[in-house]
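Quick note: numbers below take in every heavy atom, side chains included, and nothing from hydrogens, waters or symmetry partners.
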Amino acid sequence: MSDDKPLAALQRHVAGATVRHVHPFSRVPLPPQEALTAALRDDWVRPLYMGLHQPQARQCAQRLALADDAVIARLLGQFDWRSRTAGAYLAALAQRHDFTAALGGLLLASEVCFAGSAYCLALAAFDTPASRDYLHRYLDHYLRQPQLHFDQEQAMAAILYLDNRNGSAEATRHAPAWAAFAAVRPGLAQDEVCAAFTIGMDTLRRLQAAAGK
């Protein structure tokens with residue numbers, strides 16, 4: 001009988017679970033989801049996982065009505081960064097606020113790499129007290145974990161973007177922790193991250209307009 005542990009470890013790595021860490025957050029998981037079909041991968045994951053700036057993302061926006069809650073939940077419920085990224089983008093495009101807790105929980109848990117920027121974008125796009133709270137809770141914890149190179153810059157960029165949009169100053173809550181985090185992370189280019197985040201939000205708004213949202 002062969003040992004499947006190396007295979008399982010490899011599968012987790014390919015899915016994006018490249019770093020194991022302990023966090024204090026409890027998360028109510030999405031209901032168990034069936035594996036993706038080839039059609040779902042072709043229709044939503046492949047066009048979206050590389051970002052909303054890709055030309056094929058506009059085609060997804062034009063058929064956004066087909067991405068109902070069941071599709072989004074199925075994408076977010078997969079243990080894979082590509083599927084979760086696509087699900088987060090679809091939730092943002094369709095303004096499905098009911099997925100706030102799911103997206104916020106995934107962000108806090110940070111189980112897979114790469115998807116965190118899409119979670120931050122979606123939560124910022126919702127711009128509700130609940131969605132902003134998840135971004136704050138993420139920063140409250142992960143800015144104090146400089147050994148974990150996760151999505152601290154993206155979450156901070158989201159809060160700064162919303163401050164600029166709403167005329168608020170919520171980012172000041174994290175100023176001391178951010179300064180300490182940045183001090184041990186030489187080369188941190190937050191201005192560039194903020195500029196890229198703004199471009200991402202502008203792209204999202206254009207796609208929503210194309211979809212009639």
Side-chain angles (χ1 to χ4, degrees), residues 16 30 33 36-78 80-107 112-135 138 151 153-168 190-213:
L30 288 164
Q33 303 291 320
L36 295 185
T37 62
L40 283 173
R41 289 193 183 91
D42 290 342
D43 287 346
W44 306 112
V45 180
R46 289 193 174 97
L48 288 174
Y49 82 92
M50 289 299 290
L52 294 178
H53 62 287
Q54 297 293 327
Q56 56 267 36
R58 188 174 183 85
Q59 298 173 2
C60 288
Q62 291 170 343
R63 50 188 169 82
L64 191 58
L66 300 176
D68 59 14
D69 285 357
V71 168
I72 295 173
R74 199 163 173 185
L75 293 172
L76 292 176
Q78 306 299 313
D80 185 89
W81 71 271
R82 300 163 188 82
S83 302
R84 290 183 177 182
T85 296
Y89 283 146
L90 285 177
L93 285 166
Q95 283 291 290
R96 300 284 170 78
H97 291 199
D98 287 347
F99 284 98
T100 296
L103 290 163
L106 290 172
L107 177 65
V112 296
C113 61
F114 302 126
S117 59
Y119 305 151
C120 290
L121 190 80
L123 293 170
F126 295 165
D127 192 14
T128 64
S131 68
R132 293 194 300 272
D133 183 61
Y134 279 109
L135 293 167
Y138 180 88
D151 297 287
E153 296 102 313
Q154 293 292 333
M156 194 67 173
I159 293 295
L160 289 167
Y161 173 87
L162 292 174
D163 277 349
N164 184 61
R165 180 182 177 89
N166 299 332
S168 53
Q190 188 60 27
D191 288 346
E192 294 179 12
V193 175
C194 287
F197 191 89
T198 298
I199 291 171
M201 291 296 293
D202 290 344
T203 301
L204 173 70
R205 302 302 184 200
R206 287 196 298 271
L207 291 175
Q208 287 177 321
K213 290 291 182 181

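- Counted within 6.0 Å of CD on Glu192, heavy atoms from surrounding residues, nucleotides or ligands total 12 or fewer; the atom is thus considered open.
- Remark: side-chain polar atoms of Tyr138 are not paired, donor with acceptor, to backbone N or O of Gly104 under 3.5 angstrom.
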What verdict does the side-chain contact (heavy atoms from CB on, under 4.5 Å) test give for Leu76 and Ser83, after you've listed the backbone C-alpha separation in whole Å, the side-chain angles of each residue and the deciding distance to 0.1 Å?
CA-CA 6 Å; Leu76 292 176; Ser83 302; over 6 Å; no
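- Closest non-hydrogen pair, Leu64 versus Ala211, comes out as CD2-CB, 4.0 Å.
- Taking SG from Cys194 and CD1 from Ile199, the interatomic distance works out to 11.5 Å, rounded to the nearest 0.5 Å.
- Legend: residues meeting side chain to side chain donor-acceptor pair (under 3.5 Å) with Gln208, ordered by chain and number and at least two apart, are Arg205.
- Under the 4.5 Å side-chain criterion, counting only non-hydrogen atoms from C-beta, Val71 is not in contact with Leu66.
- From Arg132, atom CZ reaches atom CG of Asp163 across 9.5 Å, with rounding to the nearest 0.5 Å.
- Here the closest heavy-atom approach between residue Leu135 and residue Ala124 is recorded as CD1-N, 4.4 Å.
- Rounding to the nearest 0.5 angstrom, the gap separating the CG atom in Asp80 from the CZ atom in Arg41 is 8.0 Å.
- When every heavy atom of Phe126 is checked against every heavy atom of Ala92, the shortest pair comes out as CE2-CA, 4.1 Å.
- Counted by atom type alone, Thr203 and Arg206 present one or more donor-acceptor pairs between their side chains at under 3.5 Å.
- Counting only residues at least two apart or in different chains, side-chain hydrogen bond (donor to acceptor under 3.5 Å, both in side chains) contacts with residues 58-71 comprise Asp69-Arg96.
- Remark: Leu93 CG to Leu52 CG distance equals 5.5 Å, nearest 0.5 Å.
- Checked options Thr198, Asp127, Leu121; the residue passing with Tyr161 is Thr198 (criterion: side chain to side chain contact (heavy atoms under 4.5 Å, CB included)).
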side-chain contact (heavy atoms from CB on, under 4.5 Å) evaluation trace for Arg84 with Leu75:
CA-CA 6 Å; Arg84 290 183 177 182; Leu75 293 172; over 6 Å; no
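- Counting only heavy atoms from C-beta outward, the side chains of Leu160 and Met156 approach each other to under 4.5 Å.
- In this structure, Leu107 and Leu123 have side chains that are in contact, with non-hydrogen atoms separated by less than 4.5 Å.
- Checked against the 6.0 Å centroid criterion, the rings of Tyr49 and Trp44 do not qualify as a close aromatic pair.
- Atom CG in Leu40 sits 8.5 Å away from atom CD in Gln78 (nearest 0.5 Å).
- For the pair Tyr119 and Gln154, the minimum side-chain heavy-atom distance is 4.5 Å or more.
- The CG atom of Leu48 sits 10.0 Å away from the CD atom of Gln54 when rounded to the nearest 0.5 Å.
- Listed here is the closest heavy atom pair of Tyr134 and Gly105: CE2-N, 4.0 Å.
- Residues Ala91 and Leu103 come closest through the heavy atom pair CB-CD1, 4.1 Å.
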